[in-house]
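Letters go in sequence order (proteins before strands), and every chain restarts at 1. Values in this document were obtained by computation on a predicted structure and should not be read as measured data.
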Number of protein chains: 2
Amino acid sequence: MSSKAKTDQFIDQIAEIMREQGMRMTKPRERILRELYEASKPQSAEEIRQNAGFGPSDLVTVYRNLESMLSLGRVQRIILENGTQLFEWVEAEQHHHHIICRHCHHAEPIDFCAAHELESIAQRAGFSEINHVIEVFGTCKACEKEADPAK
Amino acid sequence: MSSKAKTDQFIDQIAEIMREQGMRMTKPRERILRELYEASKPQSAEEIRQNAGFGPSDLVTVYRNLESMLSLGRVQRIILENGTQLFEWVEAEQHHHHIICRHCHHAEPIDFCAAHELESIAQRAGFSEINHVIEVFGTCKACEKEADPAK
DNA sequence: ATGAGTGCAAATAGTTTGCAAGCTG
DNA sequence: CAGCTTGCAAACTATTTGCACTCAT
């Protein structure tokens, strides 16, 4: 199957989920999803806006849509150390964590998730609506070189 | 030892570390440290400003000092899901993680830290200046009741 | 045609920077 | 008294909200 076809399939899946929720598959939404799927790396709203070819004032639309896509289960959010949000698509029900470069957002999935331990600790403490965050931040080789070519 | 004395001891320790770094122990710094130590829970810059009795325009000072205190090793930062920063004091060399209420910032330390696994994964991936984040967010019992008294 | 979604403007929240004046060691 | 630190103003970044208009179903 071509890469193009895979993207279309991904978008169709989301369109289906959206319909079930009374949401509509619009042009902007399709562009955002296409960008998320094909870039296949976490990006900020502003990066997505630019890479998906939106104009400067369309940033609002990007934000609103990313937010509403989160609940569909195929887009997840990462918060950087400075508080900026990044978004990326995920395989159905396959949330995962990363080692991510704080400069260029280059990310590698890490095969480590303590969801079970963490959630049970939280339940025992009487918390509800539990969400766990595990991320590893660092500077990747490329960005390290850029900052200090001597290395 | 009285609670007052413990706080003073904590502040003296930090003053010592500051002196080594060429930093000075000033009135505002002492107030911030006292608040961090006595509240003993993560607080935002704005919360610290208010609770330590600073005026509205002193928020800058609070930010600047919290930032510079981070490197001293006795104050750590937590980033909430919305990107807001919280700060708390820590036992020397005793960084830890939390289950924390996203509404009132009530927090309980969790006895779980995969620093070793995570850092070695990151090193293998060629990253430097590695920092790991593990946090569990939820809604605590009190805040759940407040939002929905029926429960 | 009906209401979900968009786009532009404007507001907001959190945080940072510039600079003259103040205080600590 | 040198220079670290403060305080007030102002700038900035990321994100959100209001509202009239548009488009998908």
Side-chain angles (χ1 to χ4, degrees), chain A residues 11-12 14-35 42-72 75 77-87 102-103 105, chain B residues 11-12 14-35 42-72 75 77-87 102-103 105:
Chain A
I11 292 175
D12 286 349
I14 309 270
E16 172 65 25
I17 302 175
M18 283 185 169
R19 249 173 262 122
E20 289 167 5
Q21 311 284 313
M23 291 171 66
R24 296 165 186 180
M25 178 51 78
T26 63
K27 293 280 166 53
R29 281 182 180 166
E30 186 174 329
R31 283 205 278 167
I32 292 169
L33 289 168
R34 193 170 294 279
E35 175 57 32
Q43 299 183 87
S44 67
E46 174 61 21
E47 286 169 336
I48 293 167
R49 181 193 68 72
Q50 285 188 30
N51 298 338
F54 286 96
S57 75
D58 295 332
L59 186 56
V60 203
T61 296
V62 175
Y63 270 112
R64 271 192 287 231
N65 284 325
L66 288 169
E67 184 68 35
S68 64
M69 284 170 190
L70 287 177
S71 60
L72 305 179
V75 173
R77 164 159 55 194
I78 300 168
I79 310 280
L80 292 184
E81 294 154 309
N82 67 3
T84 309
Q85 309 179 12
L86 302 185
F87 300 84
R102 55 173 69 87
H103 304 291
H105 303 171
Chain B
I11 290 175
D12 286 348
I14 309 270
E16 171 64 25
I17 303 175
M18 282 185 171
R19 249 173 264 125
E20 288 168 6
Q21 310 285 313
M23 291 171 65
R24 293 166 186 179
M25 177 53 78
T26 63
K27 292 279 165 51
R29 283 182 178 165
E30 185 174 330
R31 283 204 279 168
I32 292 169
L33 289 168
R34 193 170 294 281
E35 175 57 31
Q43 300 183 88
S44 68
E46 175 61 21
E47 286 169 335
I48 293 167
R49 181 193 66 74
Q50 285 188 33
N51 297 338
F54 286 97
S57 75
D58 296 330
L59 186 56
V60 204
T61 296
V62 175
Y63 270 111
R64 269 192 287 230
N65 284 325
L66 288 170
E67 186 67 34
S68 65
M69 284 171 190
L70 287 176
S71 61
L72 304 181
V75 174
R77 163 157 59 191
I78 300 168
I79 309 281
L80 291 184
E81 294 154 309
N82 68 2
T84 308
Q85 310 180 10
L86 302 185
F87 301 83
R102 55 172 70 85
H103 303 291
H105 304 168

Answer yes or no: does a side-chain N or O of B:Ser57 lie under 4.0 Å from OP1 or OP2 of D:dG7?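 Answer no for this pair, as no side-chain N or O of B:Ser57 is under 4.0 Å from OP1 or OP2.
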Which residues satisfy the side chain to side chain contact (heavy atoms under 4.5 Å, CB included) test with [X], sequence neighbours excluded?
{"X": "B:Asp12", "result": "none"}
{"X": "B:Leu66", "result": "B:Ile32, B:Leu36, B:Ala45, B:Ile48, B:Val62, B:Phe87"}
{"X": "A:Glu46", "result": "A:Ser44, A:Arg49, A:Gln50, A:Leu59"}
{"X": "B:Ser71", "result": "none"}

Got a sec, which pairs hit salt bridge (Lys or Arg N to Asp or Glu O under 4.0 Å) with one end in residues 50-69 of chain A, sequence neighbours left out?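 Counting only pairs at least two positions apart or across chains, the salt bridge (Lys or Arg N to Asp or Glu O under 4.0 Å) contacts touching residues 50-69 of chain A are A:Glu67-A:Arg77.
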Please list all pairs meeting salt bridge (Lys or Arg N to Asp or Glu O under 4.0 Å) that have one or both residues in residues 20-33 of chain B, counting only residues at least two apart or in different chains.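 Non-adjacent pairs meeting salt bridge (Lys or Arg N to Asp or Glu O under 4.0 Å): B:Glu30-B:Arg34.
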Rounding to a whole Å, what distance do you find between [X]:[atom1] and [N]:[atom2]?
{"X": "B:Arg29", "N": "D:dC4", "atom1": "CZ", "atom2": "P", "value": "11 Å"}
{"X": "A:Asp58", "N": "D:dT16", "atom1": "CG", "atom2": "C1'", "value": "16 Å"}
{"X": "A:Asn65", "N": "D:dT16", "atom1": "CG", "atom2": "C1'", "value": "14 Å"}
{"X": "A:Arg31", "N": "C:dG7", "atom1": "CZ", "atom2": "C1'", "value": "12 Å"}
{"X": "B:Glu20", "N": "D:dC4", "atom1": "CD", "atom2": "P", "value": "17 Å"}

[X]: partners by side chain to side chain donor-acceptor pair (under 3.5 Å), with sequence neighbours left out:
{"X": "A:Gln21", "value": "none"}
{"X": "A:Thr84", "value": "A:Asn82"}
{"X": "A:Glu35", "value": "A:Gln43"}

Identify the heavy atoms of A:Ile11 and A:Leu33 that sit nearest to each other, and give their distance.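 Looks like CG1-CB, 4.1 Å.
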A:Ile14 and A:Met69: side-chain contact (heavy atoms from CB on, under 4.5 Å), yes or no, with the steps? CA-CA 9 Å; A:Ile14 309 270; A:Met69 284 170 190; 5.6 Å; no
Within the 4.0 Å limit for protein heavy atoms, which parts of nucleotides 14-21 of chain C are touched? Write it as a string from 5' to 3', B for base, S for sugar-phosphate only, - for none. SBBBBB--
Under 3.5 Å, which protein N or O atoms sit close to an N or O of nucleotides 22-25 of chain D? Give each pair with its distance.
{"from": "D:dA24", "atom 1": "N3", "to": "A:Arg24", "atom 2": "NH1", "distance (Å)": "3.2"}

Residues within residues 47-56 of chain B bordering DNA chain C, heavy-atom distance below 4.0 Å: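 Of all residues in residues 47-56 of chain B, none places a heavy atom under 4.0 Å from DNA chain C.
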